[in-house]
There are 4 protein chains.
Amino acid sequence: MTTTAQAEGLTRAQRQKLQLRADIIDAAFEEFAERGYHQTAIADIAQRLGIGHGTFYRHFENKRDILEHVLDAAIEDLTNALRDDFSPEKVNSLAEYKTQLASILKKLYAFAQSNPRALRLMLLEATSIDGEMTKRIAAMHAEGQRVASEYLQHGKRKGFFRSNLDTKATATAVVGMLMAGSMQYLFQPEDKSFQKAFGKAVIDLLTAGLAAQPAA
Amino acid sequence: MTTTAQAEGLTRAQRQKLQLRADIIDAAFEEFAERGYHQTAIADIAQRLGIGHGTFYRHFENKRDILEHVLDAAIEDLTNALRDDFSPEKVNSLAEYKTQLASILKKLYAFAQSNPRALRLMLLEATSIDGEMTKRIAAMHAEGQRVASEYLQHGKRKGFFRSNLDTKATATAVVGMLMAGSMQYLFQPEDKSFQKAFGKAVIDLLTAGLAAQPAA
Amino acid sequence: MTTTAQAEGLTRAQRQKLQLRADIIDAAFEEFAERGYHQTAIADIAQRLGIGHGTFYRHFENKRDILEHVLDAAIEDLTNALRDDFSPEKVNSLAEYKTQLASILKKLYAFAQSNPRALRLMLLEATSIDGEMTKRIAAMHAEGQRVASEYLQHGKRKGFFRSNLDTKATATAVVGMLMAGSMQYLFQPEDKSFQKAFGKAVIDLLTAGLAAQPAA
Amino acid sequence: MTTTAQAEGLTRAQRQKLQLRADIIDAAFEEFAERGYHQTAIADIAQRLGIGHGTFYRHFENKRDILEHVLDAAIEDLTNALRDDFSPEKVNSLAEYKTQLASILKKLYAFAQSNPRALRLMLLEATSIDGEMTKRIAAMHAEGQRVASEYLQHGKRKGFFRSNLDTKATATAVVGMLMAGSMQYLFQPEDKSFQKAFGKAVIDLLTAGLAAQPAA
DNA sequence: CATGAATGAGCATTCATTCAT
DNA sequence: CATGAATGAATGCTCATTCAT
């Protein structure tokens with residue numbers, strides 16, 4: 001998590017406060033991911049940090065509030081991890097798309113490795129808190145689909161993707177593949193060979209499945 | 001749900017008992033899907049049936065226990081809904097695969113329409129109960145992947161799928177697509193046009209993406 | 001308190017339930033009067049009865065709820081204690097009014113002696129819970145004033161009270177006297193001679209203060 | 001409130017400190033009267049003044065302590081508002097008593113109008129803090145009764161009040177009337193016509209009720 | 001000396017589970 | 001065998017008070 005406070009013209013006290021806030025988010029993140037939201041008591045979070053549990057409430061409204069912040073942080077981390085690569089317009093051929101896709105998969109894989117808890121939170125935990133939270137997850141999916149569809153639209157426009165491609169629906173399918181791969185990582189984090197194979201399989205499936213028909 | 005008791009050589013009392021048991025599962029299923037597992041009290045389930053909540057404990061060990069049974073029932077329903085179509089060995093060409101895939105998608109869609117709660121339970125709710133439950137979900141995914149990979153292996157053997165196909169990894173991707181579509185259905189159940197488009201997109205993506213290279 | 005359950009065509013369980021409910025009201029009443037509402041924890045009430053504190057919540061919504069019931073019971077008790085004597089229309093002369101007043105004072109005194117806690121609750125405790133509760137107390141005062149004013153109106157009509165009597169305003173003053181006497185009882189319950197003197201003083205003050213001018 | 005510090009030969013710092021102390025009392029007074037003692041947090045008081053809530057503890061021992069001071073100030077204000085008129089020995093006839101009484105009622109009314117919060121604190125709020133505080137309220141009542149009884153004793157001695165007057169008991173009744181009127185003001189501050197009528201009713205009741213028997 | 005961050009005792013409330021009827 | 005009354009562990013949250021800065 002990149003919740004470390006950016007010290008900028010702040011008093012020491014302010015910096016400490018921000019740091020503690022960030023620490024609480026981190027601790028909550030760990031607890032939520034490890035034990036699950038409902039199984040985690042505020043006291044658990046506080047204890048992990050060695051602070052009084054009243055202190056928690058100086059920084060966050062309530063238990064639900066911090067989940068929001070934890071999830072925000074997780075989503076932000078994921079976004080940051082992938083952002084650099086989101087440049088559909090730079091892709092000019094199927095081969096370039098393949099490279100781009102490989103890069104994204106690599107970044108996602110790196111993120112999963114360094115941040116499996118964020119994945120767990122987003123894929124498994126956050127879906128069952130309440131309607132509002134489920135909507136956030138839906139929005140996250142939607143955002144992923146939006147990005148994916150931009151690639152697809154671009155490729156279609158450029159002509160290296162099928163002209164009959166339904167970009168929106170296909171984007172959903174693409175995001176689903178990535179979700180499935182991420183889940184698989186969570187379920188079997190040790191199976192490196194699968195992880196490698198999965199990346200390749202996705203690339204193959206997409207390049208073949210999206211490609212414009214050979215001139216034939 | 002197909003939890004109706006199969007009455008066979010049972011006393012009336014035994015049949016009644018089985019029926020009540022099935023009713024409890026149904027009621028729990030409704031409540032869990034509507035309000036979520038953690039938000040549902042045993043008393044809610046009992047009240048929905050008009051029975052005393054002590055009665056619940058004559059049929060199920062505890063709250064966790066019934067979730068298990070509810071999920072089992074849901075998975076069984078899903079399996080039943082799709083089972084007829086699982087016959088990879090009957091597929092002999094890409095065209096037949098396409099037909100088969102369309103049929104599966106149709107069945108899955110019908111299931112989603114008639115049983116969105118089961119979907120919700122499996123995709124959103126059950127992932128955040130505890131480790132054991134998460135394993136069950138993982139196993140469910142695994143089973144889906146196994147079935148999918150059988151199709152892929154068969155097609156590869158028969159030669160109408162790519163020879164370089166990684167059947168296991170690709171199966172994961174395929175199941176991911178279906179998951180994504182199902183989730184999308186939960187998030188936007190009214191968007192019929194998307195649902196139709198999604199089915200088509202998956203079929204197109206897979207037939208193109210899996211097909212053996214044209215002789216060319 | 002007269003909260004004992006009236007057993008009538010009830011199952012034993014129902015009677016027990018009503019009895020426990022009444023017991024909880026009594027216990028809460030004792031605690032509230034002794035320690036004050038805010039200083040009383042639900043656990044105190046439960047402990048006094050030797051029941052689990054969860055049991056409390058099977059009978060009352062929340063802490064506020066029982067205060068309501070406790071106060072209702074107290075007001076009902078007071079009303080019952082005084083009701084017999086409320087018959088303004090039977091009073092036909094100043095002498096009869098004097099007798100009637102003496103009777104009311106005696107009943108009030110008896111109530112204070114047998115039920116000082118109810119007095120404490122109404123006069124001291126309930127005024128500082130919240131606006132809604134204060135309104136109830138105001139309504140109680142209003143009711144007392146209404147009754148008092150009926151006597152005054154009747155006496156005025158009959159001609160044994162001053163014709164220039166402002167019945168409403170005077171009723172407020174009369175109720176104030178009784179309040180003051182009741183409070184004094186709470187503050188100095190042992191001072192019997194004062195209590196006696198107070199009754200006499202009120203009677204003297206009112207008979208002289210309300211009487212129609214002697215023909216003179 | 002007249003809690004403004006009397007600056008006399010004090011350093012600026014000392015004066016400031018006294019001023020802050022007085023401000024805290026005022027703020028606490030407002031909060032206690034508006035929200036009630038138990039519903040008021042120290043932080044509320046501090047926030048109202050724009051000071052840190054730690055600062056509060058440099059001026060007062062604890063929450064209970066300031067209530068004491070707030071109440072003292074309120075009682076002092078009430079005393080000041082009425083003091084000028086407390087001169088029983090100057091009253092030499094029933095007519096003069098009537099005038100005097102009218103004056104006191106007017107002053108009390110003015111106090112109620114300018115300081116309803118003080119009334120609320122004394123009549124409604126302070127009675128339910130704890131035994132010690134209730135004693136203070138009792139003492140306040142006693143003081144009012146003492147003053148009232150002085151008038152009564154004086155009038156009795158002078159001969160314009162009944163010779164059989166129980167001055168102590170009657171004083172309690174008199175104070176009760178004033179309490180009732182004050183409460184009524186709190187409950188219905190807008191009903192000016194009642195307020196006027198109430199004053200008149202009290203005067204009529206007392207002059208008639210206390211007067212020595214006409215020469216008859 | 002003012003501040004406000006930290007603290008933890010304290011309390012209301014919920015609910016899974018037990019068991020006497 | 002169904003029932004629902006009783007239970008108390010568990011937990012979110014508040015706020016008076018302390019004390020390092």
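Computation of the quantities below employed the complete heavy-atom set of this structure, encompassing side-chain atoms and omitting hydrogens, waters and symmetry-equivalent molecules. Naming convention: chains lettered A, B, ... in sequence-line order (proteins, then strands); numbering from 1 in each chain.
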Rounded to whole Å, how long is the line connecting atom [atom1] of [X] with atom [atom2] of [N]?
X	N	atom1	atom2	answer
A:Asp23	E:dA5	CG	C1'	15 Å
D:Phe60	F:dT17	CZ	C1'	16 Å
A:Ile45	F:dT11	CD1	C1'	12 Å
D:Gln47	E:dA2	CD	P	19 Å
D:Leu49	E:dG4	CG	C1'	16 Å

I want to check something: taking the side chain as every heavy atom from C-beta on, are [X] and [Y] in contact at a cut-off of under 4.5 Å?
X	Y	value
A:Met122	A:Arg136	no
C:Lys63	C:Tyr37	yes
D:Phe60	D:Ile25	yes
D:Ile137	D:Leu71	yes

Next on the checklist: Among residues at least two apart in sequence or on other chains, which ones pass ring-ring contact (aromatic ring centres under 6.0 Å, His included) with C:His53?
Outcome noted: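 In terms of ring-ring contact (aromatic ring centres under 6.0 Å, His included), with neighbours along the sequence ignored, C:His53 is linked to no residue.
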Next on the checklist: Could you check whether any side-chain N or O of D:Lys17 sits under 3.5 Å from a backbone N or O of D:His59, counting only pairs where one atom can act as donor and the other as acceptor?
Outcome noted: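 Not a single qualifying donor-acceptor pair exists.
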Checklist entry - Is it true that a side-chain atom of D:Ser128 and a backbone atom of C:Ser128 form a donor plus acceptor pair closer than 3.5 Å? => result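 Answer holds: no.
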Next on the checklist: For the CD atom on C:Glu132, are there more than 12 heavy atoms of other groups (residues, nucleotides or ligands in this structure) within a distance under 6.0 Å?
Outcome noted: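 Correct, the count exceeds 12.
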Checklist entry - How does DNA chain F look in dot-bracket form if you count Watson-Crick and G-U pairs under 3.5 Å, write [ ] for pairs that cross, and put | where a base pairs with another strand? => result .||||||||||||||||||||
Checklist entry - How does protein contact run along nucleotides 6-15 of chain E, one letter per nucleotide 5' to 3', with B for base contact, S for sugar-phosphate only, - for none, heavy atoms under 4.0 Å? => result BBBBB-SBB-
